[in-house]
**Student:** 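Sharing a structure with you now.
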Number of protein chains: 2
Amino acid sequence: MPWDPYDRNCPSRRLLDRIGDRWTVLIVGILAEEGPIRFGELARRVDGISQKMLTQTLRNLERDGLVRRTLYPQVPRRVEYELTDSGTSLRGPLRALEEWAVEHMGPVSAAQAAYDEASA
Amino acid sequence: MPWDPYDRNCPSRRLLDRIGDRWTVLIVGILAEEGPIRFGELARRVDGISQKMLTQTLRNLERDGLVRRTLYPQVPRRVEYELTDSGTSLRGPLRALEEWAVEHMGPVSAAQAAYDEASA
DNA sequence: CGGGATCCAAAATGATACTG
DNA sequence: CAGTATCATTTTGGATCCCG
């Protein structure tokens, strides 16, 4: 069975890899909270992202069926992004990780300080 | 409050970034299942990793207090790695993500095929 | 406004050789 | 065995220009 997330070539593994990239977690989080949102507004909400990476990340999410892109044919044009049901289902696991990170930040920082101290 | 995982400079965010790197998830998973494990054995279990990245990833995990490194002063020497309590607590959230990935792999692959088809 | 295309700098990773 | 050090390569991301 090729469903082992520990196998680097397994599709589920590749899915995880992409979700773990620099921007996906941020963008999914914002889409989950802000509902449908325009491209430009999203760019402002994601601190420090370049337009290229925003486009690229959104394209990937769209291709994976996690985000829906809606084009309103106006001039100037208007494009809105929102999570699909599939994308929404990712929110839970992601939040669990975020909460873990927030909870363990203190101990981790302390451990780092101790480690650096010991090796100094 | 500087604990917002959406802020790229927040410590919790940086913690997430490192956990999301290419190897950490794999290694934590294996350590969780295999208990204390030697360096060489770990290298064989993590498919495709270079020795350099294994060392680097383990060092980071150790510095964060998520992994404990034990050196047995023999010749040739023997080093074992295992999760700390803190590291073990990461396993739950990580598994939730892995399970999500396995569950959604099918729909995602289908969405990708449809997307590629449409743009062909 | 929402991108696509291109070029370039930087960061991550791999390969290889060496060591206590 | 379990690394360290160094160099080569691949991958990413940012800057810029252009277009409907």
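Sequence lines set the chain letters: A, B, ... in the order given, protein chains first and strands last, and positions in each chain run from 1. Just so we're clear, the structure is a prediction, and the values are computed from it rather than from any experiment.
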**Student:** Measure CE/A:Met53 against P/C:dA11 and give the value in whole Å, please.
**Tutor:**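 Roughly 15 Å, once rounded to whole Å.
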**Student:** Evaluate B:Thr88 against B:Asp85 for side-chain hydrogen bond (donor to acceptor under 3.5 Å, both in side chains), listing each step before the verdict.
**Tutor:** CA-CA 5 Å; B:Thr88 302; B:Asp85 288 348; 5.1 Å; no
**Student:** May I ask you to decide whether B:Glu62 forms a salt bridge with B:Arg68, counting only side-chain N to carboxylate O separations under 4.0 Å?
**Tutor:** no
**Student:** Reading nucleotides 1-9 of chain D from the 5' end, what letters show protein touch, with B for base, S for backbone sugar-phosphate only, - for no heavy atom under 4.0 Å?
**Tutor:** SSBB-B---
**Student:** Looking at B:Gln74, I'd like to know if its CD atom is crowded, meaning that more than 12 non-hydrogen atoms belonging to other residues, nucleotides or ligands lie closer than 6.0 Å.
**Tutor:** yes
**Student:** Under a 4.0 Å threshold between the charged nitrogen and the carboxylate oxygen, would A:Glu41 count as salt-bridged to A:Arg38?
**Tutor:**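 Not counted as a salt bridge, because no side-chain N and carboxylate O are separated by less than 4.0 Å.
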**Student:** For A:Arg78, give me all partners under salt bridge (charged side-chain N to carboxylate O under 4.0 Å, His left out), at least two apart in sequence or on another chain.
**Tutor:**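 With sequence neighbours excluded, A:Arg78 shows a salt bridge (charged side-chain N to carboxylate O under 4.0 Å, His left out) to A:Glu80, given in chain and number order.
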**Student:** Roughly how many Å is it from CD in A:Gln74 to P in C:dC1, rounded to a whole number?
**Tutor:**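 It is 13 Å, rounded to the nearest whole Å.
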**Student:** Roughly how many Å is it from CZ in A:Arg22 to C1' in C:dA12, rounded to a whole number?
**Tutor:** 12 Å
**Student:** A:Arg18 CZ to D:dT12 C1': how many Å, rounded?
**Tutor:** 14 Å
**Student:** Please report the distance, rounded to the nearest Å, between CG in B:Leu54 and P in C:dA12.
**Tutor:** 18 Å
**Student:** Would B:Leu71 end up clustered with B:Leu42 when hydrophobic side chains under 4.5 Å apart are linked, directly or stepwise?
**Tutor:** yes
**Student:** Quick one: A:Gln56 CD to C:dT6 C1', roughly how many Å, whole number?
**Tutor:**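 One finds 14 Å between C1' of C:dT6 and CD of A:Gln56, rounded.
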**Student:** Expressed as a whole number of angstroms, how long is the span from B:Asp21:CG to C:dA11:C1'?
**Tutor:** 13 Å
**Student:** C:dA11 C1' sits how many Å from B:Asp17 CG, rounded?
**Tutor:** 13 Å
